[in-house]
Colleague: 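Sharing a structure, written as structure tokens. Questions coming.
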Amino acid sequence: MKRVVVGLSGGVDSSVAAYLLQQQGYEVIGLFMKNWHDDSVTISNECPWLEDSNDALLVAEKLGIPFQTVDLSEEYKEKIVDYMFNEYEKGRTPNPDVLCNREIKFDVFMKIALSLGADYVATGHYCQKNETEVDGKTVYQLIAGADNNKDQSYFLCQLSQEQLSKALFPIGALTKPEVREIAAEMELVTAEKKDSQGLCFIGKVRLPEFLQQKLQPKEGKIVQIDKNDPIYAIEKPVGLSLEQELKIEAQKLNYRPEMGKFMGKHQGAHYFTVGQRKGLNVGGTTDPLFVIATDVETNTIYTGLTSNHPGLFKKALFIEKSEVHWIRTDLILNVGETMEVMARIRYRQPLQKAILHQFEDGMYVRFEDPQSAITEGQFVAWYLENELVGSGVIS
């Protein structure tokens, strides 16, 4: 009998995952991860992890499976929280959920599970796993979840073949309503529970307040750049190589404060991200202002009117060589090779047509249509049909 450890988070998805595995004849163990100690930054007085671990325990009791809690807050602080502060300080916007899967759930947590004699680790993610054979070797495939509305394959875009080989996603073929229905039939306490928001596992944390603990507020200018500014009309030189052309399409525009009009003050450029419209507190504009760029060196935020402002759009992005990650290692591109893919630059974004171009020092992803708010530090993931084959950090 195969043994599987389920990461019970106290939510409905992982509860149903545990139940389905039990139905399939696995020996199931429930493990709750405690990843956060500092209650000073959770928004409300509710202590989400206590409530969640309690719900996880009740589910385990209901299913009659062994249950224990593991405290990974030290690893979480070191691998996720410190990394986040570091990225924000550089003016990048990290994605803690993607990292949490790569570094915590499918690494630290997986090692604990395997030490308990588990054959597999299961989570309540909406994604699926397949196996195929390439040159006589088993290759694992990460497939999008069947529920288009809930597909979470993007959050697992940094997993490796080895991690996938030991992973199970029991609810990947179901839709969210079906999952809730199973939970209700089983009378699991989590059946009606709302989906969790906020940082993976930290609970309800307000990001700016969280960041303020480490990154000191400092006043800077908010500058508005006109959509007809000459910076958007620069002609591309003729006779460029493909690589030079892509480099121009992917590069950051060089804004300077004197190019625009002073709109107000902010408390620190590192609290803002490209594409953001809330929290600027600038009144009196005809249309909403959007952040089109931040400069942590000069502590300036550049903004533009409306979501169609040319400063928001780019046709290509670059991934440094060391940040290019293939789940399907058999598909790795050699220098000079290209691949037609569907890609997304954030979790809920509909897939976009793109071409990957591999060069000596990294990879360019060039989109058919210009993309809004391509954000440094976030992940771009690329798919062949419904299979996520690789990803990388946007540089």
Side-chain angles (χ1 to χ4, degrees), residues 84 86-95 215 220-237 240-263 266 268-277 280 289-324 343-346 349 352 354-380 391-395:
M84 281 173 61
N86 210 354
E87 286 286 276
Y88 276 111
E89 230 159 8
K90 292 181 196 148
R92 294 172 30 138
T93 308
N95 189 317
L215 308 175
K221 290 180 178 170
I222 299 174
V223 174
Q224 183 193 331
I225 303 289
D226 190 270
K227 66 177 196 297
N228 299 316
D229 192 279
I231 197 165
Y232 302 123
I234 292 166
E235 291 289 313
K236 253 193 252 171
L240 294 177
S241 70
L242 175 64
E243 188 172 1
Q244 290 167 322
E245 209 169 295
L246 287 162
K247 191 174 178 175
I248 289 175
E249 286 178 9
Q251 75 189 6
K252 271 173 103 163
L253 291 175
N254 211 350
Y255 296 108
R256 292 183 316 284
E258 60 272 17
M259 289 166 60
K261 149 169 145 207
F262 173 74
M263 297 303 287
H266 61 80
H270 41 251
Y271 300 137
F272 291 84
T273 183
V274 176
Q276 180 174 337
R277 61 174 280 196
L280 283 165
L289 275 184
F290 287 81
V291 176
I292 57 172
T294 62
D295 184 341
V296 290
E297 299 295 305
T298 63
N299 196 27
T300 314
I301 294 174
Y302 296 98
T303 59
L305 287 178
T306 81
S307 57
N308 296 324
H309 192 280
L312 280 171
F313 292 88
K314 277 203 305 204
K315 197 142 162 88
L317 61 84
F318 182 65
I319 307 164
E320 284 176 24
K321 188 178 182 176
S322 64
E323 302 274 25
V324 176
R344 57 167 53 108
I345 53 172
R346 59 182 73 88
Q349 188 193 28
Q352 309 286 318
I355 295 176
L356 309 179
H357 297 265
Q358 183 67 52
F359 292 100
E360 193 64 56
D361 55 354
M363 179 195 281
Y364 286 95
V365 182
R366 184 193 241 167
F367 294 92
E368 195 172 281
D369 303 313
Q371 298 298 305
S372 174
I374 292 177
T375 309
E376 283 179 67
Q378 291 278 309
F379 290 87
V380 54
S391 68
V393 181
I394 299 170
S395 82

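On a predicted model such as this, the values are computed, not experimentally measured, just so you know. Side-chain atoms are counted along with the backbone in the values below, which use heavy atoms only and exclude waters and symmetry mates.
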Colleague: For a quick test of reading the model, state the closest non-hydrogen atom pair linking Q378 to P94 and the distance between them.
Modeller: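 Nearest pair, atom of Q378 first, then P94: NE2-O, 3.2 Å.
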
Colleague: Kindly write out the residues that satisfy side-chain hydrogen bond (donor to acceptor under 3.5 Å, both in side chains) with E245, not counting sequence neighbours, or none if the list is empty.
Modeller: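 E245 satisfies side-chain hydrogen bond (donor to acceptor under 3.5 Å, both in side chains) with R366 only.
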
Colleague: Side-chain contact test, heavy atoms from C-beta onward, threshold under 4.5 Å: evaluate it for L280 versus H266 and give yes or no.
Modeller: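 In short, these two side chains do not touch, never coming nearer than 4.5 Å.
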
Colleague: Mind checking side chain to side chain contact (heavy atoms under 4.5 Å, CB included) for E376 and listing every partner two or more places apart, or none if nothing turns up?
Modeller: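 So E376 forms a side chain to side chain contact (heavy atoms under 4.5 Å, CB included) with R92, K252.
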
Colleague: Could you tell me the separation between the CE atom of M84 and the CD atom of E87, rounded to the nearest 0.5 Å?
Modeller: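 It comes to 10.0 Å.
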
Colleague: So for atom NZ, which belongs to K90, do other residues, nucleotides or ligands contribute more than 12 heavy atoms lying within a distance under 6.0 Å?
Modeller: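 Count over threshold, so yes.
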
Colleague: Angle class for the F318/Y364 ring planes (parallel below 30°, perpendicular above 60°, tilted otherwise)?
Modeller: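 Plane angle between 30° and 60°, so tilted.
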
Colleague: What pairs of donor and acceptor atoms, side-chain ones from residues 355-362 against any protein atom, are under 3.5 angstrom apart with sequence neighbours left out?
Modeller:
residue : atom : partner : partner atom : Å
Q358    : NE2  : G362    : O            : 3.3

Colleague: Just jot down the side chain to side chain contact (heavy atoms under 4.5 Å, CB included) partners of S241, sequence neighbours excluded, or say none.
Modeller: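 S241: side chain to side chain contact (heavy atoms under 4.5 Å, CB included) contacts with E243, Q244.
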
Colleague: Output all residues satisfying side-chain hydrogen bond (donor to acceptor under 3.5 Å, both in side chains) with K261, sequence neighbours left out; order by chain, then residue number.
Modeller: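 Once residues adjacent in sequence are excluded, K261 has no partner under the side-chain hydrogen bond (donor to acceptor under 3.5 Å, both in side chains) criterion.
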
Colleague: Check side chain to side chain contact (heavy atoms under 4.5 Å, CB included) between Q349 and all other residues, then give those that pass, not counting sequence neighbours.
Modeller: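 Q349 satisfies side chain to side chain contact (heavy atoms under 4.5 Å, CB included) with R344, I345, R346, Q352, Q371 only.
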
Colleague: Starting at OH of Y271, measure out to CD of Q276 and round the result to the nearest 0.5 Å.
Modeller: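 That separation rounds to 12.5 Å.
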
Colleague: Quick one: salt bridge (charged side-chain N to carboxylate O under 4.0 Å, His left out) partners of E258, sequence neighbours excluded?
Modeller: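 Testing E258 for salt bridge (charged side-chain N to carboxylate O under 4.0 Å, His left out), a comparison that skips the adjacent residues, returns R256.
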
Colleague: Donor-acceptor check, side chain of K315 to backbone of E368, threshold 3.5 angstrom: yes or no?
Modeller: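 A pair under 3.5 Å: yes.
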
Colleague: Going by the rule salt bridge (charged side-chain N to carboxylate O under 4.0 Å, His left out), which residues pair with R277 if we only count those two or more places apart in sequence or in a different chain?
Modeller: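 Expected list: none.
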
Colleague: Considering all heavy atoms of both residues, which atom of A343 and which atom of A354 are nearest to each other, and what is their separation?
Modeller: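 Shortest heavy-atom separation between A343 and A354 comes out as CB-CB, 4.3 Å.
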
Colleague: Do I248 and P237 have side chains that approach each other closer than 4.5 Å (heavy atoms only, starting at C-beta)?
Modeller: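 Yes, close enough: below the 4.5 Å cut-off.
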
Colleague: Just distance, no hydrogens or angles: give the donor-acceptor pairs under 3.5 Å from side chains in residues 289-304, sequence neighbours left out.
Modeller:
residue : atom : partner : partner atom : Å
D295    : OD1  : E297    : N            : 2.9
D295    : OD1  : T298    : N            : 3.2
D295    : OD2  : T298    : OG1          : 3.2
T298    : OG1  : T300    : OG1          : 2.7
N299    : OD1  : A269    : N            : 2.8
N299    : ND2  : K218    : O            : 2.9
N299    : ND2  : E219    : O            : 3.2
T300    : OG1  : T298    : O            : 3.3
Y302    : OH   : Y255    : O            : 3.4
T303    : OG1  : V223    : O            : 3.1

Colleague: So how far is it from K314 NZ to L253 CG, rounded to the nearest 0.5 Å?
Modeller: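 CG of L253 is found 7.5 Å from NZ of K314.
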
Colleague: With sequence neighbours excluded, tell me which residues meet side chain to side chain contact (heavy atoms under 4.5 Å, CB included) with P230.
Modeller: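 Listed in chain order: nothing, the list is empty.
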
Colleague: Less than 4.5 Å apart, any side-chain heavy atom of L317 and any of F367?
Modeller: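 Yes, at least one pair of side-chain atoms sits under 4.5 Å.
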
Colleague: Name all residues meeting the side-chain hydrogen bond (donor to acceptor under 3.5 Å, both in side chains) criterion together with T273; count only those two or more places apart in sequence or in a different chain, and write none if there are none.
Modeller: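 Counting only residues at least two positions away or on another chain, T273 forms a side-chain hydrogen bond (donor to acceptor under 3.5 Å, both in side chains) with T93.
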
Colleague: Side-chain contact test, heavy atoms from C-beta onward, threshold under 4.5 Å: evaluate it for I394 versus F379 and give yes or no.
Modeller: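 The answer is no; the side chains never approach within 4.5 Å.
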
Colleague: Run the ring-ring contact (aromatic ring centres under 6.0 Å, His included) test against F262 and tell me which residues pass, sequence neighbours left out.
Modeller: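 In terms of ring-ring contact (aromatic ring centres under 6.0 Å, His included), with neighbours along the sequence ignored, F262 is linked to no residue.
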
Colleague: Drop me the distance from H309's NE2 to D226's CG, to the nearest 0.5 angstrom.
Modeller: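 One gets 6.5 Å once the value is rounded to the nearest 0.5 Å.
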
Colleague: Considering non-hydrogen atoms only, spot the tightest contact between P370 and F313 and give its length.
Modeller: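 Minimum heavy-atom separation between P370 and F313: O-CD2, 3.9 Å.
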
